[in-house]
Amino acid sequence: MNAAYIVLALPLAGALLLVFGGKRLGDPLAGWLATILSFGSFAAVLVTWLTLLGDNAAGNGRLIEKNIFTWLPVAGLHVNFALRIDPLSMTMALFVTGVGSLIHLYSIGYMRGDRDYPRFFFLLNLFLASMIVLVMANSYLFSFVGWEGVGFCSYGLVGFWFDRESAAVAAKKAFVTNRVGDFGFMVALFLMFNHFGSFNYSTVLGTASSGLLGGHATLNGTFATGLGLMIFLGAAGKSAQIPLYMWLPDAMEGPTPVSALIHAATMVTAGVYLVARSAPILHFSHSSQWVIACIGAATMFFAATIACAQNDIKRVLAYSTLSQLGYMFMAEGAGDYTSGLYHMINHAFFKALLFLGAGSVIHALHDEQDMKKMGALRKYLPITFPTFIIGYLALSGIPPFDGFWSKDDILASAYHMNFFLWLAGAVTAGLTAYYMSRQVALVWFGKARWSEARGDSAHAAVGNDPAAEGSTVAPGGTGTEEAAHAPHEGAHGEHSGRPHESPPVMTLPLIILAVLSTIGWLINANFGGFNHLEKFLEPVFPTAIAPAIHVATNTKWVLGIITTALAFIGLFAGLRTWRKVEVPALEPAFLAHGWYIDEALAATVSGPIESGADAMAYELDARGVDGAVNGVASLITGTGRQLRRVQTGYVRNYALGLAGGLAVILAYVAARVGGA
Amino acid sequence: MIGLLSHTLVGQTVQAPATGCQVTPGKVTGLCQAFNSLHIPVEYRTILPLLVLSIGALVLLVISAVLPKRSRPGLYPLLTVIISGLAAGASVFQWIDVGNHAATKAIGNQIFYDRFSVLFMLLISVATLFGALLSDSYLQREGLDGVEAYVLMLLASTGAMLMAASAGTIMLFLGLEIMSIALYVMTAYHRRRAASGEGGLKYFILGSFSSAIFLYGAALAYGATGTTQFDEMSVFLARTTLPNDGILLGGMALLIVGLGFKVAAVPFHFWSPDVYEAAPTPFTGYMAAVAKAAGFAGLFRVLLEGFHSQEANWRPAIWLIAVLTLLVGSVLAIAQRDLKRMMAYSSISQAGYVLIGLQSASSQGTAGALFYLLTYTFIIAGTFAVIGLVQGEGEARNDLGAIRGLGRRRPGLALVMLLFLLAQAGVPFTSGFLAKFYVIAAAVNRGQYALAIIGMLAAAIAAFFYLRVGLLMYSSPEVDETKEPTDGAALAGLRPIPGFDTPREPALSQGPGAVAASSDGDGAVALLAPPEGRVEIPFTVGITLAVCAAFTIFAGVSSPVLDFAKHATTYF
């Protein structure tokens with residue numbers, strides 16, 4: 001069990017080594033160091049997990065806590081930071097370190113030649129450590145430490161190329177939006193401490209032996225709703241659900257491995273984890289479960305429609321991530337936590353695969369991200385292409401790839417909760433297949449548009465495109481874009497002309513992820529006793545808090561067939577429409593602009609709200625607050641200057657001062673004589 | 001009471017076989033007293049660290065007499081480190097020993113053998129160890145190395161330990177004098193710096209003054225209670241209602257003033273900035289830790305044990321002193337341009353927090369104060385270690401400019417300095433935060449809200465100058481000449497705050513009537529550019545910095561040190 005410490009210690013040590021010695025290690029040693037430590041962490045998780053499996057006989061509900069240290073034992077607040085080892089934290093830690101390690105490996109090749117190579121791996125390792133803290137912490141408070149840690153790393157990595165203004169702005173947007181969610185998390189922390197007197201999962205959520213919720217058999221419904229919704233607000237911020245979703249598409253400004261690791265596979269699933277962790281609280285609030293399910297469903301559908309009209313290869317995947325996260329929340333709202341987590345793991349595999357594949361494409365085309373300038377790449381990227389196709393089929397929900405299985409489970413549970421939730425899910429499944437087919441057709445098939453795009457620098461296709469404004473690609477053709485990507489461009493500047501396959505260090509993770517996307521569903525296949533994940537997670541989600549959902553087998557079959565049929569329809573529609581030689585401009589501007597939400601927000605916020613903020617900043621703050629602060633400061637320094645005159649340097653004056661003090665105290669004492 | 005005392009003495013004399021004295025009740029001759037004292041059993045283990053240090057000092061002197069002069073440069077500091085290490089080991093042994101047995105009084109009831117005193121023994125041993133480590137490179141740089149510095153340091157520590165262990169005003173005074181005289185000499189140790197000699201003399205004159213006040217207080221207390229022993233005073237005061245307590249309270253006041261001088265509490269602090277600036281830098285750090293700790297140990301003994309029943313009378317007095325100490329210390333520190341003077345005021349302000357702990361007169365307050373002193377020892381040793389490095393040969397540069405741009409010149413050094421500054425400012429995850437938090441919590445628990453708020457205010461004011469130094473370390477080493485007149489902005493990269501272009505405090509006396517005349521004028525001192533050249537970190541200093549930094553973080557995030565202090569609150 002002590003291997004649990006190693007899980008956290010290795011990436012943390014990596015971050016420390018890289019921040020102090022990263023420059024000396026340089027490129028690529030810094031990357032290899034980070035990657036090896038990351039794999040070491042994964043190995044330690046495996047050992048811990050196996051020990052936990054062997055621990056079954058102990059009858060402690062498979063829960064072990066390893067204390068790290070106790071902080072501030074004052075005034076009733078007893079905070080001990082410990083690692084919690086239970087099925088849920090192990091499930092999370094396994095895929096976080098596993099997928100994280102693969103992406104570390106990929107980054108060695110992808111970031112090659114970047115001038116800030118060590119800083120990238122420092123942030124990556126720090127991110128991994130924070131993520132481990134988040135999922136393995138024993139209390140909400142300690143999780144919050146990791147929560148903020150991943151937020152910081154995300155900020156640092158989205159804005160990694162901070163000399164690009166769009167990157168800096170996107171990083172800021174992500175950070176600020178997350179603050180809103182963090183506010184919810186913090187309110188939840190206060191509520192929880194006020195009610196339970198503790199932040200510990202064991203106390204707040206109860207253990208198998210001590211009963212639920214800190215010894216209380218039940219929880220006041222209103223309180224549970226308030227607490228549940230605040231937790232969900234935190235989760236929505238981190239997992240980019242409506243209304244806090246805007247930052248995620250913009251976060252694609254970060255290097256592609258970052259998009260894969262943080263903004264697809266791991267960090268954005270932190271909200272899903274937090275809600276799953278809080279299942280015992282949500283159990284007492286049916287209304288918050290409804291809110292979660294509905295917001296999940298809304299995000300799922302809304303994001304999928306936008307994804308249909310994006311031209312940037314990464315933004316399509318970003319909106320797709322939003323949509324898939326919506327599925328997970330819908331499952332959790334429906335009380336089917338296992339399926340939510342099952343989909344999360346599968347999604348981590350195929351979405352990381354798709355992002356890394358996209359990165360490989362971007363790499364091959366010298367930082368080209370506009371799908372309208374791709375096409376026919378299948379001949380040039382013989383390894384990326386088949387792996388990308390596997391990821392595409394998995395995301396589209398085509399059997400037997402793993403997206404199908406978990407999506408099917410979620411939709412069955414949604415149907416059990418409400419027919420319309422299922423309907424939204426099924427339609428979204430069709431849309432998913434459509435937009436992914438569009439992407440595949442544009443990138444891999446059709447005519448090679450990249451050669452003409454590169455050849456004609458005056459070509460302004462993007463600028464003319466109505467969708468261009470919605471994407472990150474700067475109008476004005478390749479010239480501007482290359483300048484914008486200048487720091488990265490140095491990585492493979494000598495190549496020119498033909499796209500080239502990426503080095504093995506990048507394709508190996510693609511192959512591994514492709515295999516996982518093909519067979520990963522076996523961890524919880526709902527037939528033949530293959531439901532390992534469900535059985536493993538049973539101690540965390542006992543039937544008392546997550547009642548089993550019974551959907552008749554026949555109904556399941558019917559639902560599954562309808563969804564799959566919709567997916568195939570989307571698939572063919574997408575491929576037929578977009579495989580043509582001449583690319584049609586079919587994207588509705590409404591969707592390309594993301595339902596004009598950003599614009600609407602900008603209009604309102606930059607109007608009255610911004611002028612109000614300006615007034616606060618320049619009038620109230622500068623004159624009122626700063627004035628007061630400066631006034632106090634000058635008062636104090638002035639006082640100090642006057643007081644200093646006492647310090648003359650003469651011994652006789654010092655002695656006089658001493659005697660004066662003595663006289664005052666004696667006078668005081670004299671006044672008290674006889675009073676005692 | 002006197003009668004009671006002599007009765008005991010008589011009883012002992014009678015029991016002693018083959019006495020040569022003819023004893024008449026009520027008339028005890030001096031010879032007999034001397035005789036009796038010979039028969040007082042001496043439990044050596046109760047003063048083990050004291051013995052180690054004082055014998056060590058003698059050994060050093062003997063070795064230096066035997067060996068040819070200046071034979072081995074590093075020998076004396078090495079021996080001092082070993083001796084103080086042994087003393088620390090002896091303290092740990094005592095800690096366990098006291099834990100196994102009950103706390104007792106020993107050696108003719110003159111010595112308290114309890115965890116309170118053992119904590120101070122350990123603290124003083126560690127401070128001596130750091131003092132020796134830091135002095136080595138400094139004294140070699142200044143060409144002052146010799147056995148005397150280390151002998152003085154060991155003797156001062158012996159006195160300090162005696163103060164902490166004293167069970168009566170007599171022992172307390174003995175310890176006080178042993179410590180103080182050594183410290184006077186240490187202040188004046190830098191022969192070639194005029195400031196050093198002047199500072200030593202000032203310290204000596206004012207110190208004698210305060211010693212006299214202390215002694216007079218002890219006499220008055222004896223007059224009122226008939227005893228010099230704290231526990232007997234306490235018993236007497238609990239039993240007896242004095243018809244007129246003027247003498248008692250007067251004695252108490254004088255004792256507070258005498259010890260208040262040692263801990264540099266306002267308004268008995270005047271000596272401290274001058275002396276801190278004058279003394280060789282490692283000695284300043286040593287003094288700030290040891291003299292303060294010993295003085296506080298004495299104050300706690302006197303007030304919590306001897307005048308325990310007079311709580312209602314002394315708590316308001318300490319309240320006032322604490323408030324003055326906190327505010328004057330932090331406000332005046334802002335106006336300083338000299339690093340060592342600034343640290344002197346900072347150290348005054350820090351003493352205010354220990355006074356808050358004392359004023360609470362509760363177990364939490366005492367534990368907080370002890371924890372404060374313990375952690376402060378490490379912080380201050382580290383801070384003065386850095387100052388000693390950046391000031392350069394001959395203490396040429398003690399102004400704030402010396403530290404400018406340190407972040408670029410020595411990033412590691414700047415980082416640990418920043419840690420110490422943040423710890424003193426009371427930033428969470430450092431020991432300083434926990435220490436401040438704990439004493440303020442103690443004040444709140446005793447209903448002292450005003451004091452708690454003043455404590456927090458003082459921390460906010462003090463944060464300004466700690467952070468200013470921190471920012472200065474990370475600002476560019478180039479001085480922008482055009483900005484000099486309003487260098488409040490240049491200092492911290494902030495908007496100019498009026499009041500920074502102030503003249504330097506006349507640290508050393510000027511004009512006729514002064515003890516010594518020496519002045520560097522009081523015109524506006526521009527913030528100078530940092531010195532050229534690389535700051536070398538000697539091995540001994542590096543070790544000290546590493547240990548102090550590690551401890552500062554460790555004690556700030558984890559509880560063992562706090563638990564340690566909690567176990568040493570004898571009186572609750």
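By convention in this document, chain letters (A, B, ...) are assigned in the order of the sequence lines, proteins followed by strands, and residues within each chain are numbered from 1.
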Exercise. Is it the case that more than 12 heavy atoms not belonging to A:F152 sit under 6.0 Å from its CZ atom?
Worked result: no
Exercise. How close do A:G649 and B:D274 get, heavy atom to heavy atom, and via which atoms?
Worked result: CA-OD2, 3.9 Å
For this session: Can you see which heavy atom on B:N313 is nearest to which on A:R672, and at what distance?
Result: OD1-NE, 2.6 Å
Exercise. Does any heavy atom of chain A fall under 4.5 Å from the side chain of B:P316, the backbone, both, or neither of them?
Worked result: both
Seminar exercise, completed: For B:A253 and A:V669 the tightest heavy-atom approach is CB-CG2, 3.7 Å
Problem set entry | Heavy-atom pair with the smallest gap, counting every atom of A:G661 and B:P267 | CA-CG, 3.5 Å
Exercise. Is the number of heavy atoms from other residues, nucleotides or ligands under 6.0 Å of B:F564 CZ greater than 12?
Worked result: yes
Seminar exercise, completed: Distance col, row B:Y345:OH vs A:Q647:CD, nearest 0.5 angstrom, shows 3.5 Å
Exercise. Which region of B:L324, side chain (C-beta onward) or backbone (N, CA, C, O), has a non-hydrogen atom less than 4.5 Å from a non-hydrogen atom of chain A, or is it both or neither?
Worked result: neither
For this session: Give the minimum heavy-atom separation between A:V673 and B:G246, together with the two atoms involved.
Result: CG2-CA, 3.5 Å
For this session: Could you check B:I213 against A:L662 for side chain to side chain contact (heavy atoms under 4.5 Å, CB included), going step by step and ending with a plain yes or no?
Result: CA-CA 9 Å; B:I213 293 173; A:L662 175 63; 3.9 Å; yes
For this session: Check whether any side-chain heavy atom of B:F268 sits under 4.5 Å from a side-chain heavy atom of A:I665, and report yes or no.
Result: yes
Problem set entry | Selection from A:I636, A:L658, A:T639 maximising heavy-atom pairs under 4.5 Å formed with chain B | A:L658
For this session: Look at atom CZ of B:F204 and say whether more than 12 heavy atoms of other residues, nucleotides or ligands are closer to it than 6.0 Å.
Result: no
Seminar exercise, completed: d(B:L415 CG, A:F20 CZ) to nearest 0.5 Å is 6.0 Å
Problem set entry | Spacing of A:Y654 atom OH and B:I205 atom CD1 [to the nearest 0.5 Å] | 12.0 Å
